[in-house]
Visitor: 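Below you'll find the structure I mean.
In what follows, chains carry the letters A, B, and so on, assigned in the order in which the sequence lines appear, proteins first and then strands, with residues in each chain numbered from 1.
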Amino acid sequence: MALTLFNTQTRKKELFEPLDAACVGMYVCGPTVYDLAHIGNARPIIVFDVLYRLLRDIYGADSVTYVRNITDVDDKINAAAQASGEPISAITARTTQAFHDDIDELNALPPDVEPRATEHIGEMIDMIETLIASGHAYEAEGHVLFHVPSDDDYGKLSNRDREEMLAGARVEVAPYKRDPADFVLWKPSEEGLPGWDSPWGRGRPGWHIECSAMSRKHLGLTLDIHGGGADLVFPHHENEVAQSECASPGQPFVRTWVHNGFLSVNGEKMSKSLGNFITIRDALDGAPGEVLRLMMLSTHYRHPLDWTEEGVQQARTRLDRLYRVLQNAGEVSETGSDDADSGDPGFDAALHDDLNTPLALSELERQADELSKLDGPDTGRHRRTFLASAGMLGILQQDPKAWFKGADAAEDVSHIEAQIALRLEARNAKDFGTADNIRDALAENGIILEDRPDGTTDWRRTG
RNA sequence: GGCCGGGUGGCAGAGUGGCUAUGCGGAGGACUGCAAAUCCUUUUAUGCCGGUUCGAUUCCGGCCCCGGCCUCCA
């Protein structure tokens, strides 16, 4: 089935065809590790995780290389260290660990390569030297700058005209710039700041050069897919294109640019500078990662997504229902034939159409409806297809029992079961007042009881 | 000002030139001691103004509103 993706470069949905189907490369801009990641960071993690899963499904797991960098040298990190007194290496190590822990909860597969900027300084210096040699960059007062007018194609990704950009510029232009649009490739580091020896003295890289240097090292000169948040289109990705293509004339940098839309919170922009941001950790306190994942996938990746508590609740209810269907289908003996899994055409078509996860989700729910009505030898096969579809979205992969009951302490469970037994006694004695009191008390602790037709009582956790 | 998204029923959110998803919620019913869960039934929409068309939510033009980017940001 053909995969189409919306290419930011051409502003069109295009048939995706990798340069080499045996070696598909995807590069996604990762976090700058100076603080806990927020839910806006979580969106590209989840979106590109789904794309990664889909590419692996199409081309084979061994044929896809997903590279997502860690930016561990940056002025924000330096500022955080200065503010707290914590050593830079401690901040980056701690924040990187926190990032991994957080996105693990979101069921995101780890990338194949996770390069760190500080481990690629040599590659960056090499690239900068190439740019200077070819007249695309120059040294000035210890800085090395990319000279934007030297690149005729500059602006092609973000569709910006240089003249217009200058007209709208609100920043002060550093005096050493030959052109106001020129941007930093390398800058001097004074005492106390991270720095590396270079032909231009002790210094550190600018932000954009790291992605150009690391992507080419790990994926080659031309990437099949480069992804990130829509806010990175300009200037970050535009500058990456300029650096990479000027350093290797005739080699296109990226074939398909994929950008996810912006996330807002209760209709407002979320930003670190405004301080109204919700960290992934905060969000995980309120709901399991799988719920957050489902919530993010219920809006198309290119559209704006507004984060609300109600939206989280809706996702939770939806996921509960899917797990319930899975649970019920699991009670049917697996006697179906073991045909090779052919997938679900409706679901697959939705996902292959520019990652239409909201539609895919509704197809998944259609599968759930069908599964819940089945009661025969086909059940096992449907269940497997259903699970495979859900797996493409990275959901429904745990035991329904674990989902509803959680993995809490055994004494907690025995307490619940003891209460259920007490309630059963009361019900048998027609003492419904006592029975309802027990049920209400459990409900206050987030335990919902469900009486079954056979006289037994099941329970589940909520919230 | 320039560039890019978006405006769909109570809410969330897709597709589609005519037969008008899906989910959450609401209403009614079945089931239940009552619930919960499940099942059945049900309600409501396409920002505004033109144009093309037999017919537009869907195509074209204009306008209005919201958000993002143009400065660190996923």
Side-chain angles (χ1 to χ4, degrees), chain A residues 6 8 11 28-32 34-35 37-48 74-76 79 155 157-161 163-172 181 207 227-236 238 259-264 267-274 277 294-295 297-300 302-306 308 310-322 324-325 327-328 346 350 353 356-366 368-369 372-373 404 427 430-433 435-436 439-440 443 447-453 457-460 462:
Chain A
F6 185 90
T8 309
R11 282 166 283 276
V28 175
C29 291
T32 300
Y34 71 105
D35 199 358
H38 57 70
I39 53 176
N41 298 302
R43 172 118 100 141
I45 296 296
I46 291 169
V47 165
F48 291 103
D74 185 275
D75 286 352
K76 286 195 294 283
L157 173 63
S158 56
N159 196 27
R160 270 160 222 263
D161 185 85
E163 304 295 316
E164 289 165 354
M165 267 163 37
L166 298 183
R170 279 175 275 149
V171 242
E172 268 186 57
W207 175 38
D231 54 328
L232 291 182
V233 174
F234 190 90
H236 185 52
E238 188 70 60
H259 290 97
N260 62 273
F262 213 74
L263 178 139
S264 57
E268 286 192 316
K269 171 179 172 156
M270 179 178 69
S271 78
K272 297 195 178 185
S273 54
L274 288 180
F277 66 90
L294 181 69
M295 190 229 185
L297 294 177
S298 48
T299 297
H300 184 86
R302 281 193 283 118
H303 289 181
L305 167 60
D306 190 34
T308 62
E310 194 190 351
V312 175
Q313 279 309 327
Q314 286 195 8
R316 182 194 297 276
T317 310
R318 260 179 119 161
L319 199 52
D320 274 346
R321 201 213 143 216
L322 291 173
R324 188 132 33 221
V325 170
Q327 186 168 42
N328 295 339
D353 181 13
N356 192 338
T357 54
L359 188 59
L361 218 39
S362 73
E363 292 289 333
L364 190 69
E365 277 159 342
R366 191 212 77 238
D369 282 341
S372 68
K373 289 186 171 71
F404 286 117
R427 289 179 70 209
K430 303 263 186 253
D431 180 3
F432 295 118
D436 290 350
R439 184 170 62 196
D440 292 346
I447 307 296
I448 303 296
L449 299 187
E450 295 179 10
D451 293 333
R452 304 180 140 211
T457 298
D458 199 8
W459 61 276
R460 66 188 160 91
T462 103

Visitor: Is the shortest distance from a Lys or Arg side-chain nitrogen in Arg318(A) or Glu365(A) to a carboxylate oxygen in the other one below 4.0 Å?
Guide: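 The answer is yes: the pair qualifies as a salt bridge.
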Visitor: Which nucleotide sits closest to the side chain of Arg460(A): G68(B), C34(B), A36(B)?
Guide: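 Out of G68(B), C34(B), A36(B), the nucleotide with an atom closest to Arg460(A)'s side chain is A36(B).
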Visitor: The side chain of Thr32(A) is closest to which nucleotide in this list: A74(B), C70(B), A35(B)?
Guide: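 Looking only at side-chain atoms, Thr32(A) lies closest to A74(B).
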Visitor: Rounded to the nearest Å, what distance is computed from the CG atom of residue Leu359(A) to the P atom of nucleotide A12(B)?
Guide: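 That distance rounds to 19 Å.
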Visitor: For the side chain of Gln314(A), counting heavy atoms from C-beta on, which of C24(B), G6(B), C69(B) is nearest?
Guide: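 For Gln314(A), the side-chain atoms sit closest to C24(B).
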Visitor: Leu305(A) has an atom CG; how far is it from atom P of C11(B), in whole Å?
Guide: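 It is 17 Å, rounded to the nearest whole Å.
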Visitor: Over all strands shown, is His300(A) touching base, sugar-phosphate only, or nothing at heavy-atom distances under 4.0 angstrom?
Guide: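 If one applies the 4.0 Å heavy-atom cut-off, His300(A) turns out to touch the sugar-phosphate alone, with no base involved.
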Visitor: Using the P atom as the point on both nucleotides, what is the distance between U57(B) and G47(B), in whole Å?
Guide: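 My reading of the P atoms in G47(B) and U57(B) gives 9 Å.
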Visitor: What is the nucleic acid contact for Leu449(A), judged by heavy atoms within less than 4.0 Å: base, sugar-phosphate only, or nothing?
Guide: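 Base contact.
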Visitor: Answer yes or no: does a side-chain N or O of Asn159(A) lie under 4.0 Å from OP1 or OP2 of C4(B)?
Guide: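 For C4(B), OP1 or OP2 has a side-chain N or O of Asn159(A) closer than 4.0 Å.
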Visitor: Under 4.0 Å, heavy atoms only, any strand: does Arg427(A) hit a base, just the sugar-phosphate, or nothing?
Guide: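 Base contact.
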Visitor: Glu365(A) near the nucleic acid: base, sugar-phosphate alone, or nothing, with a heavy-atom cut-off under 4.0 Å?
Guide: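 Touches sugar-phosphate only.
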Visitor: In whole Å, what separates the C1' atom of A12(B) from that of G50(B)?
Guide: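 To the nearest whole Å, 32 Å.
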Visitor: Can you check the distance between C63(B) and C69(B), where both ends of the measurement are the P atom (answer in whole Å)?
Guide: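 Nearest-Å result for C63(B) against C69(B) at atom P: 24 Å.
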Visitor: Pick the C1' atom in C65(B) and in U8(B), then give their distance to the nearest Å.
Guide: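 Going atom to atom, C1' in each nucleotide, I get 15 Å.
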Visitor: At less than 3.5 Å, do the side-chain atoms of Arg321(A) and the base atoms of G23(B) form a donor-acceptor pair?
Guide: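 No pair found.
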Visitor: Closer than 4.0 Å, any side-chain N/O of Trp459(A) to the OP1 or OP2 of A37(B)?
Guide: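 For A37(B), OP1/OP2 do not have a side-chain N/O of Trp459(A) under 4.0 Å.
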Visitor: Which nucleotide, A14(B), U22(B), C69(B), lies nearest any side-chain atom of Arg160(A)?
Guide: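 Output: C69(B).
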Visitor: Which value, in whole Å, describes the distance between the P atoms of nucleotides A56(B) and C64(B)?
Guide: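 Pairwise P distance, A56(B) against C64(B), rounds to 25 Å.
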Visitor: If you check the Lys76(A) side chain, which of C73(B), G23(B), A36(B) turns out closest?
Guide: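 Of C73(B), G23(B), A36(B), C73(B) is nearest to the side chain of Lys76(A).
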Visitor: In whole angstrom, what separates Glu310(A)'s CD from G26(B)'s C1'?
Guide: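 That distance rounds to 13 Å.
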Visitor: Would you state whether a donor and an acceptor, one from the side chain of Asp306(A) and one from the base of G67(B), lie under 3.5 Å apart?
Guide: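 No.
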Visitor: Measure from CZ on Arg302(A) to P on A74(B) and round the result to the nearest Å.
Guide: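 Arg302(A) atom CZ is separated from A74(B) atom P by 21 Å.
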Visitor: Is there a Watson-Crick or G-U wobble partner for C11(B) with both distances under 3.5 Å, and which nucleotide is it?
Guide: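 G23(B) - that is the nucleotide pairing with C11(B), both distances being under 3.5 Å.
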Visitor: Just how far, in rounded Å, is C1' of C66(B) from CG of Leu263(A)?
Guide: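 So the two atoms are 16 Å apart, to the nearest Å.
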Visitor: In whole Å, what separates the P atom of C3(B) from that of A74(B)?
Guide: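 The answer is 26 Å between these two P atoms.
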Visitor: If only atom types and distance count, is the side chain of Asp306(A) paired as donor or acceptor with the main-chain N or O of Gly267(A) below 3.5 Å?
Guide: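 Pair found, side chain donor or acceptor close to backbone of Gly267(A).
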Visitor: Choose from C72(B), C11(B), A14(B) the nucleotide whose nearest atom is closest to any side-chain atom of Trp207(A).
Guide: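 The answer is C72(B).
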Visitor: Are Asn356(A) and G15(B) close enough that a side-chain N or O sits under 4.0 Å from OP1 or OP2?
Guide: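 Yes, within the criterion.
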Visitor: Please state how far atom CG in Asp353(A) lies from atom C1' in G15(B), giving the value in whole angstrom units.
Guide: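 In whole Å, G15(B) C1' and Asp353(A) CG are 10 Å from each other.
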Visitor: Which whole number of Å gives the distance between the P atom of A36(B) and that of C24(B)?
Guide: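 The same atom, P, in both gives a distance of 15 Å.
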Visitor: In whole angstrom, what separates Glu363(A)'s CD from G13(B)'s P?
Guide: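 Going from CD in Glu363(A) over to P in G13(B) covers 19 Å.
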Visitor: Under a 3.5 Å limit for both distances, which nucleotide forms a Watson-Crick or G-U wobble pair with C39(B), could you say?
Guide: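 For C39(B), the partner nucleotide comes out as G29(B), under the 3.5 Å rule.
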Visitor: Less than 4.0 angstrom between a side-chain N/O of Ser298(A) and OP1 or OP2 of A12(B), yes or no?
Guide: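 Answer is no, no contact under 4.0 Å.
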Visitor: Which whole number of Å gives the distance between the C1' atom of A45(B) and that of C4(B)?
Guide: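 Comparing C1' positions in A45(B) and C4(B) gives a spacing of 27 Å.
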Visitor: Answer yes or no: is there a donor N or O on one side and an acceptor on the other, between the side chain of Glu238(A) and the main chain of Leu157(A), under 3.5 Å?
Guide: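 Here the side-chain-to-backbone pair exists.
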Visitor: May I ask you to decide whether Arg366(A) forms a salt bridge with Asp369(A), counting only side-chain N to carboxylate O separations under 4.0 Å?
Guide: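 Not counted as a salt bridge, because no side-chain N and carboxylate O are separated by less than 4.0 Å.
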Visitor: Sort out the partner of C3(B) for me: Watson-Crick or G-U wobble, both distances under 3.5 Å, none otherwise.
Guide: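 C3(B) is paired, partner G68(B).
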Visitor: Figure out the NZ/P separation between Lys269(A) and C72(B), and round it to whole Å.
Guide: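 Answer to the nearest Å: 12 Å.
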Visitor: What nucleotide among C70(B), A36(B), A74(B) has an atom nearest to a side-chain atom of Glu450(A)?
Guide: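 The answer is A36(B), which lies nearest to the side chain.
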Visitor: Taking only side-chain N and O atoms of His303(A), does any of them lie within less than 4.0 angstrom of OP1 or OP2 on G5(B)?
Guide: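 So the side-chain polar atoms of His303(A) never come under 4.0 Å of the phosphate oxygens OP1 or OP2 of G5(B).
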Visitor: For Phe432(A) and G33(B), are the ring centres under 5.5 Å apart with planes inclined under 30°?
Guide: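 Yes; by the centre-distance and plane-angle rule, Phe432(A) counts as stacking on G33(B).
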Visitor: What nucleic acid atoms does Thr317(A) come within less than 4.0 Å of, heavy atoms only: base, sugar-phosphate, or nothing?
Guide: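 Answer is sugar-phosphate: Thr317(A) comes under 4.0 Å of backbone atoms only.
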Visitor: Between the base of A35(B) and the side chain of Arg439(A), is there any donor-acceptor pair under 3.5 Å?
Guide: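 Indeed there is one.
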